Asker: 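Questions regarding the structure given below will be posed in turn.
When a ligand or atom number is given, it counts from 1 through the structure's own listing order. The first residue of the sequence shown is numbered 1, and numbering continues consecutively from there. Given the structure is predicted, the values throughout are model-derived calculations rather than measurements.
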Amino acid sequence: MNLHEYQGKEIFAKYDLPVSKGKVVTSLDEVEQACTDIGGSRWVAKAQVHAGGRGKSGGVALCDTIEEVADFTKKWLGKRLVTYQTDKEGQLVSCILVEECTNIADELYYSAVVDRSSREVAIIASSEGGVNIEKVAEETPEKIASISLNGKDVSKGDIEKICSTLKLNETQSSQMEHIVRKTVSMFFECDLSLLEINPLVIKDDGNLHCLDAKINIDSNALFRQKELQEMHDPTQEDPRESEASKYDLSYVSLDGNIGCMVNGAGLAMGTMDTIKYFKGNPANFLDVGGTATQERVAKAFKIILDDPEVKVVLVNIFGGIVRCDLIAEGIVAAIDEVGVEIPVVVRLEGNSAEKGLSILSNSSSKIQSKNSLEDAARTAVELAK
Ligand code: GDP
Ligand code: MN
């Protein structure tokens, strides 16, 4: 689960990390009071969306007057912001973070992530901030310090490596040590999977400061992070993905036009590979699970059909634990409810497959059944053209 920048910074403040004084506004009327409360004479206004790249897309503005903050607010509130990290629809801006403007001497990069290969938390720091870290890693790897922690321990050596890569002086190094220790505590205590400060800046007075905050919480740990769970903002998620998660369906939206309904994550991957092999493009990943009920299958089918890009649905079910006739009933129930205008190609195999196929073939002329995944995928790709 992702957090907004302003929520991330609230947590940063609790961990005594240096963030700018700021206020969140959700309407134009609040702007003047917010700027007055923050004080100073320059502000930065930042559209709050679950995506980076806002700076390059006009979603961050440095403002010399309250009027400019108001103009920015008027421009973005209720609109959708498109950045290189969003899809072409962009993300809804439902609030603006107004902050006192920081005078920047240098922009650095800092993050903590779960490193799957070492099964530890890794810290990545770079002297190149405010830019795409993948690009820095590719072009100038010497500018990046990457450290795999040993459990929750941060050694003196780790700190030294980070500080020397960032070319920090003594005062900055002790500030950096504080930032590393606090972010590592936060990472474990809040069950994060990503914590990114890009940029971490050196201010014109030489002090380190967190200018941005990107936080991702491990969704599997949310049951014990009630306070963080309250920060959930469903407007920032793909509506089909959040609908699917309510029913415990693993659904991921993709760019293609072949809707996929499969049981088991491995089979779902295999199905997507097979579609790709025949030069088609899946519209989604969907695992209805091994214990799919008729209701969940119907829900899943409706979610797939809800995607306007979908030109054909490919159902690939292997009945191991799940019975194919139950899946078939679910599909028929969904079709009865929402109707289906597009072709549906079905491959059912295993437990009660024949019964399932006869239920389907009696229900709609839009349904074609195939005996092998290869045939089914090839047919779906043809029909999607
Ligand atoms: P992102 O583009 O979505 O990652 O948004 P950021 O929060 O990283 O802001 C983008 C850029 O705006 C930063 O890299 C800074 O260059 C600039 N910026 C943000 N806040 C301030 C500020 O307080 N002062 C100044 N001078 N620049 C800022
Ligand atoms: Mn940023």
Asker: Going by side-chain contact (heavy atoms from CB on, under 4.5 Å), M176 matches just one of I159, L108, L168. Which one?
Answerer: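 Only one of I159, L108, L168 forms a side-chain contact (heavy atoms from CB on, under 4.5 Å) with M176, namely L168.
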Asker: Would the distance check show the side chain of S111 and the main-chain N or O of L195 forming a donor-acceptor pair, the cut-off being under 3.5 Å?
Answerer: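 Not a single qualifying donor-acceptor pair exists.
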Asker: Without swapping roles, check the side chain of R42 against the backbone of C63 for a donor-acceptor pair under 3.5 Å.
Answerer: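 Absent.
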Asker: State whether K46 and E5 are salt-bridged, where the test is any N-O pair (Lys NZ or Arg NE/NH1/NH2 against Asp/Glu carboxylate O) under 4.0 Å.
Answerer: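 Result for this pair is yes, salt bridge flagged.
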Asker: Heavy atoms only: which of C210, G55, G59 lies closest to atom 10 (C) of ligand 1?
Answerer: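 Looking at heavy atoms only, G55 sits closest to atom 10 (C) of ligand 1.
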Asker: For ligand 1, find out whether one of its N or O atoms is nearer than 3.5 Å to an N or O atom of K56.
Answerer: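 So ligand 1 has no N or O lying under 3.5 Å from an N or O of K56.
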Asker: Where on N198 is there a heavy atom closer than 4.0 Å to ligand 1, on the side chain, on the backbone, on both, or on neither?
Answerer: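 Backbone only; the side chain of N198 stays clear of ligand 1.
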Asker: For a 4.5 angstrom cut-off between non-hydrogen side-chain atoms, does S253 reach N284?
Answerer: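 SC-SC contact between S253 and N284 ruled out.
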Asker: Please examine the side chains of R296 and V288, heavy atoms only from C-beta on, and report whether any two atoms are closer than 4.5 Å.
Answerer: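 Counting from C-beta outward, V288 and R296 never come under 4.5 Å.
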Asker: For ligand 1, which atoms have a heavy atom of T102 less than 4.0 angstrom away?
Answerer: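 Going through ligand 1 atom by atom, the ones under 4.0 Å from T102 are 22 (C), 23 (O), 24 (N), 25 (C), 26 (N).
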Asker: Check whether any protein heavy atom sits under 4.0 Å from atom 19 (C) of ligand 1.
Answerer: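 Yes; the ligand atom in question has protein heavy-atom contact below 4.0 Å.
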Asker: For the residue pair Y6 and K23, establish whether any side-chain heavy-atom pair is separated by less than 4.5 Å.
Answerer: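 Contact flag for Y6/K23 side chains = no.
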Asker: Tell me which protein heavy atom sits closest to atom 27 (N) of ligand 1, plus the residue, atom name and distance to 0.1 Å.
Answerer: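 I find the closest protein heavy atom is I104 CD1, 3.3 Å.
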Asker: Can you tell me which residue and heavy atom of the protein come closest to atom 5 (O) of ligand 1, and the distance to 0.1 Å?
Answerer: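 The closest heavy atom on the protein side is R54 NH2, 3.2 Å.
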Asker: Is there a nitrogen or oxygen of G53 sitting under 3.5 Å from a nitrogen or oxygen of ligand 1?
Answerer: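 In this structure, G53 places an N or O atom under 3.5 Å from an N or O of ligand 1.
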Asker: Using a 4.5 Å cut-off on heavy atoms from C-beta on, say whether the side chain of V345 contacts that of V312.
Answerer: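 Yes; the side chains approach each other to less than 4.5 Å.
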Asker: In terms of atom number and element, which parts of ligand 1 are under 4.0 angstrom from non-hydrogen atoms of G52?
Answerer: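 Here the atoms of ligand 1 in question are 3 (O).
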Asker: May I ask whether atom 15 (C) of ligand 1 is less than 4.0 Å from at least one protein heavy atom?
Answerer: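 It does: a protein heavy atom is found less than 4.0 Å away from atom 15 (C) of ligand 1.
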Asker: Within ligand 1, which atoms have a heavy atom of V44 less than 4.0 Å away?
Answerer: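 Checking each atom against V44, I get 20 (N), 23 (O).
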Asker: Please answer whether the main-chain N or O of G52 pairs with a side-chain N or O of Q85 as donor and acceptor at a distance below 3.5 Å.
Answerer: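 Yes; at least one donor-acceptor contact below 3.5 Å.
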Asker: Please state which protein non-hydrogen atom is closest to atom 12 (O) of ligand 1 and give its distance, to 0.1 Å?
Answerer: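 The answer is V60 CG1, 3.8 Å.
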Asker: Between R80 and E89, which heavy-atom pair has the shortest distance, and what is it?
Answerer: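 Heavy atoms of R80 and E89 come nearest at NE-O, 3.2 Å.
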Asker: Is ligand 1 under 4.0 Å from a heavy atom in the side chain of E107, in the backbone, in both, or in neither?
Answerer: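 The part of E107 near ligand 1 is the side chain, not the backbone.
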Asker: Within the stated cut-off of 2.8 Å, is an N/O/S atom of D212 closer than that to the Mn ion (ligand 2)?
Answerer: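 It does; at least one qualifying atom falls short of 2.8 Å.
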Asker: Which protein heavy atom lies closest to atom 4 (O) of ligand 1, and at what distance to 0.1 Å?
Answerer: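 For this ligand atom, the closest protein heavy atom is D212 OD2, 3.1 Å.
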Asker: Within the 4.0 Å heavy-atom shell around K46, which atoms of ligand 1 are there?
Answerer: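 Those of ligand 1 that fall under 4.0 Å from K46 are 6 (P), 7 (O).
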Asker: Specify the protein heavy atom at minimum distance from atom 21 (C) of ligand 1: its residue, its atom name, and the distance to 0.1 Å.
Answerer: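 Answer for atom 21 (C) of ligand 1: L211 CD2, 3.5 Å.
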Asker: Please assess D375 against R347 for the test salt bridge (charged side-chain N to carboxylate O under 4.0 Å, His left out), listing each intermediate value before the final yes or no.
Answerer: CA-CA 9 Å; D375 264 355; R347 180 245 182 184; over 6 Å; no
Asker: Which of the atoms of ligand 1 are close to C101, meaning less than 4.0 Å from one of its heavy atoms?
Answerer: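 Close to C101: 23 (O), 24 (N).
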